[in-house]
2 protein chains.
Amino acid sequence: MTTEPEVPAYRPPTLTDVAKLAGVSVATASKAINGRGEVRSTTRVRVLEAAELLSFAPNALARGLLSGRTGTVGLLTSDLEGRFSIPILMGAEDASGAGQVSVFLCDARGDAIREKHHVQALLSRRVDGLIVVGSRTDPRPPLAGNIPVPVVYVYAPSADPADISITVDNVGGGRLAIEHLLACGRRTIAHITGEAGFQAARDRAEGAAAALAAAGLRMVGDRPYFGSWDESWGRAAAHMVVEQHPEVDAIFCGSDQIARGVLETLRDFGREVPRSISVIGFDNWEAIAADSRPRLTSIDMNLKHLGEVAGQRLFAAIDGAAPSSEEFPGRVVMRESTLPVG
Amino acid sequence: MTTEPEVPAYRPPTLTDVAKLAGVSVATASKAINGRGEVRSTTRVRVLEAAELLSFAPNALARGLLSGRTGTVGLLTSDLEGRFSIPILMGAEDASGAGQVSVFLCDARGDAIREKHHVQALLSRRVDGLIVVGSRTDPRPPLAGNIPVPVVYVYAPSADPADISITVDNVGGGRLAIEHLLACGRRTIAHITGEAGFQAARDRAEGAAAALAAAGLRMVGDRPYFGSWDESWGRAAAHMVVEQHPEVDAIFCGSDQIARGVLETLRDFGREVPRSISVIGFDNWEAIAADSRPRLTSIDMNLKHLGEVAGQRLFAAIDGAAPSSEEFPGRVVMRESTLPVG
DNA sequence: AACACCCCCGAAAAGGTTTTAGGATGTGCT
DNA sequence: AGCACATCCTAAAACCTTTTCGGGGGTGTT
């Protein structure tokens with residue numbers, strides 16, 4: 001009871017162990033392992049063999065303490081479901097390339113206190129930079145306090161235009177959707193979307209309206225049907241649209257979930273998709289869009305690419321560059337719900 | 001060009017800075033801040049004020065280098081969509097309590113090479129422990145190499161029974177589902193589920209069969225309908241079931257996605273849910289289950305709780321305890337698809 | 001044989017924190 | 001006055017790696 005559990009406590013091998021085994025000094029061992037400095041090739045292999053034998057892995061803490069660089073970046077998300085964060089995380093990791101850099105994800109759960117705490121935790125562990133992922137596209141307040149490392153905001157831009165933000169071009173996305181429907185031969189198009197309080201909903205609607213105007217057309221009902229992002233709203237709104245405007249021949253939905261609801265109601269009404277009416281969604285959420293009946297055409301926001309770019313910009317900023325914000329277009333992922341009429 | 005960019009390079013304040021400002025030695029400053037050792041109260045407040053003023057945050061690298069503890073655990077996931085990992089991450093974070101410990105997530109994408117790389121990266125950063133999350137419940141090979149820190153496997157158990165694994169009781173989950181349907185007054189129950197290659201599918205089917213046998217009943221068709229985890233299979237299998245066994249009055253689905261497909265086919269056949277037939281899913285995936293028509297009763301695996309327990313077990317192991325594996329039951333989340341007949 | 005020179009290696013310092021052991025100061029008692 | 005002792009603080013070592021600088025030894029040249 002008086003002393004500790006007395007576990008043998010396997011101690012990870014240190015550079016000193018390697019050097020001792022190889023019969024050289026720690027300085028030489030370090031140089032041999034990192035390929036720096038002048039060291040005879042025979043010595044180098046001797047050190048490398050010793051390191052291999054002990055399965056030595058350098059202590060990143062000591063290294064970071066000395067160099068000021070830890071080769072670590074934090075990815076801070078507020079996206080509960082991880083639907084946006086995971087692809088962005090993957091992209092950021094890919095951008096880190098050969099693997100000198102590790103990306104660690106923390107979930108702030110949309111809670112400012114928790115976010116502050118995670119930022120502190122990451123900074124005290126001396127991350128080289130931060131990626132902040134929002135759960136919606138509305139501008140978000142920049143991280144509080146003066147952050148001593150570069151920060152890149154993804155998906156949700158920072159409210160401070162001086163910050164680096166990598167975002168989706170939702171206006172362009174709305175335009176893409178409409179242009180696709182037009183290319184399929186549709187002319188009488190309605191737009192059912194989520195809450196008007198979301199920038200994403202307003203932007204997509206704006207792009208849709210612009211594309212229609214450019215073709216000399218108007219939206220069915222003259223304005224978007226704002227509601228919520230879920231299936232029930234899709235069902236309810238589709239009901240209204242079909243009853244009030246039976247001539248409608250395409251519906252652009254602000255989310256794939258809305259589109260699922262729309263599909264269901266159209267089926268109830270006996271409106272065949274895509275023969276009689278086309279439907280296009282937004283997000284390209286595989287679990288929702290890829291296995292509906294018919295399978296759903298959707299706008300993909302290329303989140304993984306967004307993450308890649310965010311990673312690249314962050315690494316550039318860490319290396320002293322001053323990158324700027326950027327906005328990326330989505331792309332149409334075509335499935336059966338918008339087969340061209342013909 | 002000859003020298004570095006010459007940035008002022010905001011240097012984070014060190015303990016030395018604080019000590020200097022407070023007019024004490026670093027040792028005293030350390031003790032004052034950590035509340036350790038004998039230090040006069042007037043001195044303590046002087047130090048704390050100085051720390052506050054400089055917004056000093058201790059360098060976790062230096063601290064970890066010395067103590068051998070970093071207050072960091074790595075959560076390694078193979079779950080592409082993050083559908084399982086995020087709740088588990090949240091649970092593990094909650095288990096870490098006051099916030100001395102941070103949990104960092106890495107995504108191995110089900111790739112052994114990438115997994116190895118991430119383990120190396122985490123270990124070189126001297127995490128105190130690892131949580132490994134699998135994407136399916138089949139036992140997985142334990143982490144390769146001798147890991148010098150405790151490891152807890154969640155969702156997917158380690159193939160080595162000596163390891164600590166925290167898993168879902170899928171047999172019990174299957175039993176729960178059937179018992180719920182029986183309690184709703186159903187007697188003629190079919191089971192449509194995913195690939196027989198998945199332990200989860202086999203376990204749930206086993207539990208279902210056992211619960212039916214205990215009630216003196218048999219499964220419709222005498223065996224589960226194994227197929228795939230998606231909606232199309234749900235539609236196809238429901239078609240078969242309803243045609244071959246029109247007397248069926250309940251369907252237990254191995255996933256919520258399958259259940260969605262089943263619901264759709266039942267609607268095509270004019271079988272009213274839940275009046276004429278009940279449907280129960282598995283996973284309680286909100287996006288799928290919470291907004292279908294009717295809304296879907298489902299088995300929830302309590303993943304967040306799983307993460308909490310995993311965190312607790314890991315922290316216990318880090319503190320020298322020798323915790324054991326554990327299996328947790330799910331729970332029925334009731335919605336409209338299984339309203340009792342009456 | 002003496003010298004210049006190159007190649008390789010080792011000693012030491014630095015980075016920020018915690019802990020241990022000991023030193024300085026002041027108080028109470030004989 | 002001298003001593004024991006409690007209280008508060010400091011100096012220094014330790015953690016592990018990287019880098020700089022200098023030294024030792026060998027080789028080629030005159």
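Rounding to whole angstrom units, CD1 of residue A:I33 and P of D:dT19 are separated by 13 Å. To the nearest angstrom, P of D:dT19 lies 13 Å from CZ of A:R69. One atom, CZ of A:R40, and another, C1' of D:dG26, lie 10 Å apart when rounded to the nearest Å. Going from atom NZ of B:K20 over to atom P of D:dC9 covers 19 Å, rounded to whole Å.
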>> Output one letter per nucleotide in nucleotides 12-20 of chain C: B when a protein non-hydrogen atom lies under 4.0 Å from the base, S when only the sugar-phosphate is that close, - when neither is.
In response: --BBBBBB-
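Counted by atom type alone, B:S135 and B:D79 present zero donor-acceptor pairs between their side chains at under 3.5 Å. When only modelled atom types and interatomic distance are considered, A:T72 and B:R125 share a side-chain donor-acceptor pair under 3.5 Å.
Without hydrogens or angle criteria, B:D17 side chain to B:P13 main chain gives no donor-acceptor distance under 3.5 Å. No side-chain donor-acceptor contact under 3.5 Å links A:D160 to the backbone of A:P142.
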Can you give each donor-acceptor pair under 3.5 Å made by side-chain atoms of residues 87-98 of chain B, sequence neighbours left out, with the distance rounded to 0.1 Å?
from: B:E93; atom 1: OE1; to: A:R109; atom 2: NH2; distance (Å): 3.3
from: B:E93; atom 1: OE2; to: A:H118; atom 2: NE2; distance (Å): 3.2
from: B:D94; atom 1: OD1; to: A:R109; atom 2: NH1; distance (Å): 3.3
from: B:D94; atom 1: OD1; to: A:R109; atom 2: NH2; distance (Å): 3.0
from: B:D94; atom 1: OD2; to: B:K304; atom 2: NZ; distance (Å): 3.3
from: B:S96; atom 1: OG; to: B:E93; atom 2: O; distance (Å): 2.6

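Listed by first and then second residue, the ring-ring contact (aromatic ring centres under 6.0 Å, His included) pairs that reach into residues 63-108 of chain A are A:F84-A:Y155, A:F104-B:F104, sequence neighbours excluded.
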